[in-house]
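Residue numbering restarts at 1 for every chain, and letters A, B, ... go by the order of the sequence lines. No hydrogens, no waters, no symmetry mates; every other heavy atom, side chains included, goes into these values.
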Number of protein chains: 2
Amino acid sequence: MSEKEFLQKYNVKDFDVPLVTVDSVLFTCHEDQLKVLLVERSNHPHQGQWGLPGGFIDLAVDKTLEEAAKRKLKEKTSIEPPYIEQLECKGGADRDKRGWSVSVCFSALIAYQDCQAHIESVSDAKWHFVNELGLLDLAFDHRAIINTALERLRQKALYSIVPAYALPERFTLPELQKVHEIILGQPIQKKSFRRRIEQAELLIDTGEKQASGKRQASLYKMKKSSSEYRFVRNLEA
Amino acid sequence: MSEKEFLQKYNVKDFDVPLVTVDSVLFTCHEDQLKVLLVERSNHPHQGQWGLPGGFIDLAVDKTLEEAAKRKLKEKTSIEPPYIEQLECKGGADRDKRGWSVSVCFSALIAYQDCQAHIESVSDAKWHFVNELGLLDLAFDHRAIINTALERLRQKALYSIVPAYALPERFTLPELQKVHEIILGQPIQKKSFRRRIEQAELLIDTGEKQASGKRQASLYKMKKSSSEYRFVRNLEA
DNA sequence: ACCTATTGGTGTCCATAAGACACTATTAAT
DNA sequence: ATTAATAGTGTCTTATGGACACCAATAGGT
């Protein structure tokens, strides 16, 4: 049989296939707390419980997995998050009552201010304090996925400035340090934090100053390549 | 509609679903070279080309994605690799001619000696020098997946001793250093390498010595927790 | 207009772990 | 016993984070 004949006859539905979803753990910082976006499920299974924003791939619309995840996030936030990366893929026979399922999980960051207005207009989406998830009964294995995302984010806070994407495009160094401290759950030495960022030339000084407060802090923005930069040493954990 | 009713009526095949495969990048070290296991494809598409070992999930047999990947690897190696981790998930409309596809990719390590006999008995599987893949026409996006796996492995060689799993259960420190050097493509300071491993107490001294060579090197084995250990500083890249 | 509190930002010394590299130790072969 | 080769150590230097005191700028009260 030629490849052409093979492809003509091929039909995915002739085989037993798992169901595939994309789900995202979207973090932000607000009021000195780390928050994660959850959606109240309107459909079975786990109807009425809180779960991660996500859903099925639209084979006709989505070109890649990341696009599918972004499309689903955009339904809740109206904008695409400035940072998104693949976290892990969970799959198994028992994690979804509908059958063998695969969830391609993403971890993303967004500035609270950049999407809060739209989220409030979407009745089923809400920011939840990460520290207070213990009380909630989350759908599927979404609690475990959030915990994995948190671990990864904590690691990144030790050796990168990826957490900057939880802030608006322009931000101050004290703001960035605060975000890191919130993620890590402990204070960081100001001098160490600033020194390594300056030495690696990761930020662009916009020349502007933040108006509020006492002394005015300089406003910076990320260089494009800075999200991939990795310091050779970790901060103390 | 109750959840029970919903689940009774639910059928995955009522929806357009992507096809899902698991694929593994299995590395080993032999003759001072990094090698990757490839399989000559017996079926369409890409019949006759080399590709990563893997395949479809068997919904009746596999409980998780990792189990599926291990089962597929075991068909070629006869044993499960001592180290396997999820690498990334590739998905898209165009990467597989059969349609929208998702590949859940794993990266794994194994000792050459532990599986070479079986691999030679499997006619379609063969170790390939990682440095000489340039000439080969690999199936799907498998070349890109191998490159991602390589990058990750190089990072791990800088801040962990995960590469130890490319060696037999008992190994010497010079052997381990050599594996790291092969992965990184450059020499490492012996003292630095040994000092950090000793300080972190990552290995168990078996008390045995390796027979061959001049002075006999001590044989060590991994502590269980050592694969997750991360040094606070990277070696120089 | 000046003082003070508060937050932003810097100077500088210390601690830690890697780099460099010379040295010692153990073995096999001659 | 000597030599060559490989295993393993001593120790000084270097780089970068930690600690913490200090200086700088701004708003508000007097």
Asks: For DNA chain C, which residues of residues 157-181 of chain B approach it to below 4.0 angstrom with any heavy atom?
Replies: none

Asks: Identify, with sequence neighbours excluded, every residue that meets side chain to side chain contact (heavy atoms under 4.5 Å, CB included) alongside B/E75.
Replies: B/R71, B/K72

Asks: List the atom pairs, with distances to 0.1 Å, where a side-chain N or O of residues 32-39 of chain B and a protein N or O form a donor-acceptor pair under 3.5 Å, not counting sequence neighbours.
Replies:
none

Asks: Could you give the CG-to-P distance, from A/D205 to C/dG8, as a whole number of Å?
Replies: 15 Å

Asks: So, using salt bridge (Lys or Arg N to Asp or Glu O under 4.0 Å) as the criterion, who are the partners of B/R215 when residues are at least two apart?
Replies: none

Asks: To the nearest Å, give me how far apart CD (B/E198) and C1' (C/dA18) are.
Replies: 15 Å

Asks: Any side-chain hydrogen bond (donor to acceptor under 3.5 Å, both in side chains) involving residues 217-227 of chain A? Give me the pairs, sequence neighbours left out, ordered by first then second residue.
Replies: A/K209-A/S218

Asks: For residues 112-123 of chain B, dump all side-chain donor-acceptor pairs below 3.5 Å to protein atoms at least two apart in sequence or in another chain.
Replies:
| residue | atom | partner | partner atom | Å |
| --- | --- | --- | --- | --- |
| B/Y112 | OH | B/Q116 | NE2 | 3.3 |
| B/Q116 | OE1 | B/W127 | NE1 | 3.2 |
| B/Q116 | NE2 | B/E120 | OE2 | 2.5 |
| B/H118 | ND1 | B/K76 | O | 3.1 |
| B/S121 | OG | B/H118 | O | 2.6 |

Asks: D/dG8, OP1 or OP2 - any side-chain N/O from B/S218 closer than 4.0 Å?
Replies: yes

Asks: When the distance from CZ of B/R194 to P of D/dT6 is rounded to whole Å, what number comes out?
Replies: 15 Å

Asks: Apply side chain to side chain donor-acceptor pair (under 3.5 Å) to residues B/E151 and B/Q155 and explain how you reach the verdict.
Replies: CA-CA 6 Å; B/E151 271 175 48; B/Q155 283 298 316; over 6 Å; no

Asks: Can you list, pair by pair, the side-chain donor-acceptor contacts under 3.5 Å of residues 189-201 of chain B, counting residues two or more places apart and other chains?
Replies:
| residue | atom | partner | partner atom | Å |
| --- | --- | --- | --- | --- |
| B/R196 | NH1 | B/L158 | O | 3.4 |
| B/R196 | NH2 | B/R233 | O | 2.6 |

Asks: Go through the structure and list residues passing side chain to side chain contact (heavy atoms under 4.5 Å, CB included) with B/A149, not counting sequence neighbours.
Replies: B/V25, B/F27, B/L87, B/S107

Asks: Could you write nucleotides 17-25 of chain D as a row of B, S and -, 5' to 3', where a protein heavy atom under 4.0 Å of any base atom gives B, of only sugar-phosphate atoms gives S, and otherwise -?
Replies: BBBB---BB

